[in-house]
Amino acid sequence: MNADEIDAAGGAASGTDATEVFQQHRPVLLGVAYRMLGRVADAEDVVQEAWLRWASADAEAVRSPKAFLVRVTTRLAIDRLRSAQSRRETYVGPWLPEPLPTDVSSAPEPDAAERVTLGESVSLALLVVLESLSPLERAVFVLREAFGFPYAEIATVLDRGEPAVRQLAGRARSHVAERRPRYEVDPAQQRDLTERFLEAARKGDMAALLELLAPDARLIGDGGGKAKAPMRTITSATKVSRFFAAIVQQSGLGAQLNFLELNGGPAVLAVVDGAGVVMQLDVADSRIQCVYLIANPDKIAHLLPGQPA
């Protein structure tokens, strides 16, 4: 580690218990890793590897534990993302991020702005768009837009010059702006529409479903070849309503429902014969723009009753 990598603002690590210091920064490290990788398990693995690097580091030489840990975590995440991207080319059907349990209501003095910021930075819609960025672009976008790191610090993390980092940031922002749906982050409205959508599907009320869905609504399902899910994105309110009403009535999807907060917004976990499926809606202009269905058991096992969170 060279002198340019050390940020004096974080204080000295010497004389401080390594575990306590690491735990202090662990939420940020998990946040970076999850936004980079879109999978909770992969993020946990990266943070665990960062811990091993931290535990073996010369604490006396580290002036900023946070800078050191973010740098290590980001680089490990970039390496893992490059490997994951090649595997996702052979993924069966659409790929969606692994749902992340969130609960901003338990944060100290939560407010509307805080909720919106969290919801936007980990929303499924944004994470899907981030999949189309290069690993370096994604790292810059996450560190800058989600965590507010200065360009100079990001340059140190990535071992790039600041002009190059600014260029990466510009390309990433432009790409995201072109492709990122401008959905509303209104938990109360999302939950209300979710309940009405499920009720209409259970009744087979096509008129009600069409009223709730935007004309160009989409349904994206992720079964990963391990659970039933659409092999392609379903587009148009008519097709989405017919498909969703059919699966709800055929599978008994509405039999056991649990509302929980995932990726900054309300979602439904349905359990049928021990198997689970997660549904979350994206909403704009008081209508459903996109329905996400995640049925891949590898991605939702941590949400099922009796499983570790």
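Predicted model only: the values in this text are computed from it and were never measured. Hydrogens, waters and symmetry mates play no part in the numbers below; they use all other heavy atoms, side chains included.
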I'd like to know if Glu199 and Arg196 make a salt bridge, using a cut-off of under 4.0 Å between side-chain N and carboxylate O. no

Presence of salt bridge, Arg218 and Asp282, under 4.0 angstrom: no

Backbone N/O of [Y] and side chain of [X]: donor-acceptor pair under 3.5 Å:
| X | Y | answer |
| --- | --- | --- |
| Asp42 | Leu37 | no |
| Lys299 | Leu96 | yes |
| His302 | Pro99 | yes |
| Gln280 | Leu262 | yes |
| Gln289 | Ala284 | yes |
| Thr74 | Arg71 | no |
| Ser174 | Gly170 | no |

Separation of [Y] [atom2] from [X] [atom1] (nearest 0.5 Å):
| X | Y | atom1 | atom2 | answer |
| --- | --- | --- | --- | --- |
| Tyr151 | Thr156 | OH | OG1 | 15.0 Å |
| Gln189 | Leu193 | CD | CG | 5.5 Å |
| Leu219 | Ser241 | CG | OG | 10.5 Å |
| His25 | Glu20 | NE2 | CD | 10.0 Å |
| Leu124 | Ile220 | CG | CD1 | 9.0 Å |
| Leu213 | Arg287 | CG | CZ | 7.5 Å |

Any side-chain heavy-atom pair of [X] and [Y] under 4.5 Å:
| X | Y | result |
| --- | --- | --- |
| Tyr91 | Asn296 | yes |
| Cys290 | Leu281 | no |
| Val21 | Trp54 | yes |

Minimal non-hydrogen separation, Thr73 against Val46, with atom names: O-CG1, 3.6 Å

Measure across Pro97 and Val128 and return the closest heavy-atom pair with its distance rounded to 0.1 Å. CD-CG2, 3.9 Å

Crowding at CZ, Arg160 (>12 non-hydrogen neighbours, <6.0 Å): no

Test side chain to side chain contact (heavy atoms under 4.5 Å, CB included) on Leu198 and Phe244 and set out the steps. CA-CA 9 Å; Leu198 286 168; Phe244 196 78; 3.9 Å; yes

Side chains of residues 130-145: which donor-acceptor partners sit under 3.5 Å, not counting sequence neighbours?
unit_1 : atom_1 : unit_2 : atom_2 : d
Glu131 : OE1    : Arg88  : NH1    : 2.5
Glu131 : OE2    : Arg88  : NH1    : 2.7
Glu131 : OE2    : Arg138 : NH1    : 2.7
Ser132 : OG     : Val129 : O      : 2.6
Ser132 : OG     : His175 : NE2    : 2.6
Ser134 : OG     : Glu137 : N      : 3.1
Ser134 : OG     : Glu137 : OE1    : 3.4
Glu137 : OE1    : Ser134 : N      : 3.1
Glu137 : OE2    : Arg171 : NE     : 3.1
Arg138 : NE     : Arg35  : O      : 2.9
Arg138 : NE     : Met36  : O      : 2.9
Arg138 : NH1    : Met36  : O      : 3.4
Arg138 : NH2    : Arg35  : O      : 2.9
Arg138 : NH2    : Met36  : O      : 3.3
Arg144 : NH1    : Phe149 : O      : 3.1
Glu145 : OE2    : Arg173 : NH1    : 3.2

Single-linkage hydrophobic cluster Phe147~Leu100, side-chain heavy atoms < 4.5 angstrom: yes

Any chain of hydrophobic side-chain contacts (each under 4.5 Å) joining Phe259 to Val283? yes

Between Asn263 and Tyr292, is there a side-chain donor-acceptor contact under 3.5 Å, judged purely by atom types and distance? no

Yes or no on side chain to side chain contact (heavy atoms under 4.5 Å, CB included) for Trp51 and Leu29, after CA distance, side-chain angles and deciding distance? CA-CA 10 Å; Trp51 156 250; Leu29 306 182; over 6 Å; no

When you look at Leu293 and Ile247, which way does the side chain to side chain contact (heavy atoms under 4.5 Å, CB included) test go after all the steps? CA-CA 11 Å; Leu293 291 177; Ile247 64 169; 3.8 Å; yes

Could you go step by step and tell me if Leu52 and Glu49 meet the side chain to side chain contact (heavy atoms under 4.5 Å, CB included) rule? CA-CA 5 Å; Leu52 295 176; Glu49 179 63 25; 3.8 Å; yes

Using salt bridge (Lys or Arg N to Asp or Glu O under 4.0 Å) as the criterion, list what pairs up with Asp45, not counting sequence neighbours. Arg80

